[in-house]
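Lettering of chains follows the sequences in order, A, B, ..., and the numbering in each one begins at 1. Reckoned from all heavy atoms, side chains included, excluding hydrogens, waters and symmetry mates. As the structure is a computational prediction, the values presented were derived from the model and not from experiment.
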Amino acid sequence: MDLRQALNEEQYAAVTAPDGPLLVLAAAGTGKTRTLVYRMAHLVGRGVAPDRILLLTFTNRASREMLDRAQTAIHSGVAGLWGGTFHHMANRILRRHGRALGYESDFAILDRDDARTLVGESIRALELNTKEFPRKDVLQALFSRAANTEAAVEDLAVERFGNHAVDPDAVVAVYNRYTRRKRELGSMDFDDLLVNCLRLLTEHASVLDRYREKFMHVLVDEYQDTNTLQAQIVDLLAGGYRNLLVVGDDFQSIYGWRGADFRNIMSFPERYPDARVFKLETNYRSVPEVLEVANACIAGNPEQFQKALRPTREAYQRPRLARLRDGGEQARYVVDLIGELERSGYRRRDIAVLYRAHFHALELQLELTRAGIRHIVTSGVRFFEQRHIKDVCSVVKILMNPGDELAFARLLGLLKGVGPKTIAKLWTEFGGRFNAFDDKQRATLAGALRGEGRRQWMRIEPVLTAYLGDKTGRDGGEIFARFGNAFYDEYANNNFEDYERRMEDIRELSLHAGRYETLDAFLADVALLTNVDAETDVQRSQAEDAVHLSTIHQAKGLEWSVVILIWASEGMLPAPRTVREAEDGEAEERRLFYVTVTRAKDELCICAPEMRRTRDGGVMYMPLSRFVSEIPQHLFRRVRPGF
DNA sequence: GTTTCGGTTCTTTTT
DNA sequence: GAACCGAAAC
């Protein structure tokens, strides 16, 4: 492997840097992934065993991509290297050592939907479910924010609801109850994974020492999007050998609302005074005209590292700026544009349409369908959070973990004539554990049901007992098929319009589960794999030659020949709520615009409708997004579609 | 007493 | 859609 040949000067310096803390400031499109992959290869080449390396990434997709590429680059392979998201790593450590904090190794992970359910239950139990009191999803978001910023729930409640008629103490009461319920269920939500991992490393020196010793090298991708918990975890883990490499770009920090603090990357040199700093500024991705727009955009956020993206590509043409009448005209314009691009040689898979929020794309989806243009939407609903997926997973969950109240409730709730009351009564009667192997419990359950619900249950029961009977575990996917045949096929057919698609999902799930050695291992992953679908979207759009539709957030780390941004209008981008409520809202929204621009290799087209129908039937005029109008207009090519 | 159904309202971003 | 509420149906 010839590093000199594979890398430019900047990258080579970072890849071959000696041990010790390293900060790589990698602007968009400058070969950041490449640098990380080759650094891993370099370390292994120098004799570091792969299992002494920890690679922390922001998404599962990024982790997989890097490990795949490293595998190719290194002849001896990277088997044993720990790679994944912070949540994955925390999960792995906590399964092993969580007992020190009072958790069993088979603790359940609550996904967002589960967490919301528990919060809702707490609100109800405290009889706070009035019109004035915040809804469960609002409070769940607030609790999450508190965890990720290490703030007190009470402070956030005062800040958020102080001048409304909401009592902060009541919010705290809900929080306490929610926390207690989580403990009762022996479960953790996403945030607990991080919080508890940090606690474990802080309070249990033996655990900390073990991992400090293990991880001789720690590499962190997208460091600008780490929050305080994650930064502390990294500092602790790397605290022994101090071989810490962090890569990031403060200008692509777009997760502030989730507690990410780009000051982590700004202050890295202060926390590690001996850190070497490398800058990657040579951009290989985009044509100069696109980079000019990106550079002009940076100027809007003066308090950040000012850096310039240096182009390497030939001059091409300026990005288009299309001012359109309304969403309908925009949708038709995008369809026409795609046709035009296809005629000039682009494939559909080279094209992405990006937007701030999922609902911005609704109109366009209809128009694309009407025009027969294949497209793939990276949807807002995570694969494993969809109802039908959670329904069939509940069968496996209750089998593996008899104390999983949420799974029990979900499964029984599918039966005709069974509602919350019946479920609660049974659960109490069972003493908080349902063991499908227990004949008496099964008899009680069957006895409590009548009519159609009972008939349905009698068909489900053999699926459970058969599973426990033969203890297969190996062919994990089988149980989904059996449950489908016995009950869910019919249920789905009666309850879902898009029955076909959902059953297809379940077959897919069954295959996926079958790839795991045990169902336990599958379950441990399920909650964290919420994005399985989104991460295969890229491959799907490639394979099916489809236009890719995605939020800007989910486009992070990706690139396309052609990027079309829709709704670059005030009121849509920036999102008004962020500007209003978040401290650095406008700056972060500007970074979002920057991320959009820097995804484009050849063509960038910015669409900005002038009008939008309001709910009450009126019409709202929308100026051009401030992020577009603050940029020198001669950098754009104005287009006026002729209608 | 429970469940189910129908009408209404709102929709930022996600591990 | 999906979350919520109130009314109808079982």
Side-chain angles (χ1 to χ4, degrees), chain A residues 56-63 84-91 109-113 115-117 120 123-124 129-131 133 135-138 140-141 144-145 147-148 188-194 222 225-227 229-230 253-260 354-362 378-382 384-387 412-413 415-425 448 450-453 495-498 527-532 534-535 550-556 567 571-582 585 588-589 591-592 595-596 614-616:
Chain A
L56 292 167
T57 56
F58 193 73
T59 61
N60 298 311
R61 164 172 43 78
S63 158
T85 62
F86 278 91
H87 291 83
H88 256 113
M89 178 204 57
N91 178 41
I109 297 174
L110 306 176
D111 64 23
R112 199 187 43 196
D113 183 59
R116 259 198 311 238
T117 305
I123 294 173
R124 229 164 242 283
N129 50 332
T130 60
K131 271 221 153 55
F133 200 72
R135 295 180 178 208
K136 61 186 179 187
D137 47 331
V138 175
Q140 193 271 326
S144 179
R145 197 177 160 69
N148 283 297
M188 301 192 203
D189 62 23
F190 284 147
D191 307 318
D192 291 330
L193 288 171
L194 297 182
E222 307 276 12
D225 279 320
T226 52
N227 62 35
L229 299 174
Q230 294 164 324
S253 174
I254 53 175
Y255 283 87
W257 47 274
R258 216 172 77 183
L354 304 184
Y355 35 85
R356 177 63 179 87
H358 288 292
F359 75 89
H360 293 180
L362 274 169
T378 299
S379 90
V381 191
R382 309 273 79 74
F384 283 104
E385 281 184 8
Q386 298 175 88
R387 206 174 116 194
L412 283 198
L415 307 176
K416 197 138 207 113
V418 180
K421 299 281 176 184
T422 313
I423 293 166
K425 218 186 295 172
R450 59 206 77 259
E452 177 63 12
N495 287 279
F496 303 125
E497 291 257 308
D498 48 358
L528 294 174
L529 281 179
T530 45
N531 233 355
V532 135
E535 285 168 10
S550 166
T551 61
I552 302 169
H553 282 88
Q554 286 178 318
K556 182 176 172 177
W567 287 111
M572 305 292 259
L573 182 78
R577 225 177 101 183
T578 309
V579 177
R580 213 179 325 118
E581 289 171 15
E588 176 148 319
E589 295 284 313
R591 293 193 289 268
L592 222 33
V595 168
T596 312
T614 55
R615 237 186 300 289
D616 51 17

Distance check: side-chain N/O of [X] vs OP1/OP2 of [N], anything under 4.0 Å?
{"X": "A:Arg577", "N": "B:dT12", "answer": "yes"}
{"X": "A:Thr422", "N": "B:dT3", "answer": "yes"}
{"X": "A:Lys136", "N": "C:dC4", "answer": "yes"}
{"X": "A:His358", "N": "B:dT13", "answer": "yes"}
{"X": "A:Gln554", "N": "B:dT13", "answer": "no"}

Looking only at the side chain of [X] (C-beta and beyond, no hydrogens), which of the listed nucleotides [options] gets closest?
{"X": "A:Pro420", "options": "B:dT12, B:dT3, B:dT14", "result": "B:dT3"}
{"X": "A:Arg124", "options": "B:dT12, B:dT14, C:dC5", "result": "C:dC5"}
{"X": "A:Lys421", "options": "B:dT15, B:dT11, B:dT3", "result": "B:dT3"}

* **Check: A:Thr551 side chain, B:dT13 base, donor-acceptor under 3.5 Å** => no

* Asked: Is A:Phe86 stacked on the base of B:dT15, meaning ring centres closer than 5.5 Å and planes within 30 degrees of each other?
  ->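 So A:Phe86 does not count as stacking on the base.
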
* Structure fact -> ring pair (Phe, Tyr, Trp, His ring centres under 6.0 Å) filter on A:Tyr355, not counting sequence neighbours, yields none

* To do: Find the distance A:Phe359:CZ to B:dC10:P and express it as a whole number of Å.
  =>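 After rounding, the gap between these two atoms is 14 Å.
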
* To do: Anything under 30° is parallel, anything over 60° is perpendicular, the rest tilted; go ahead and classify A:Phe58 against A:Tyr255.
  => tilted

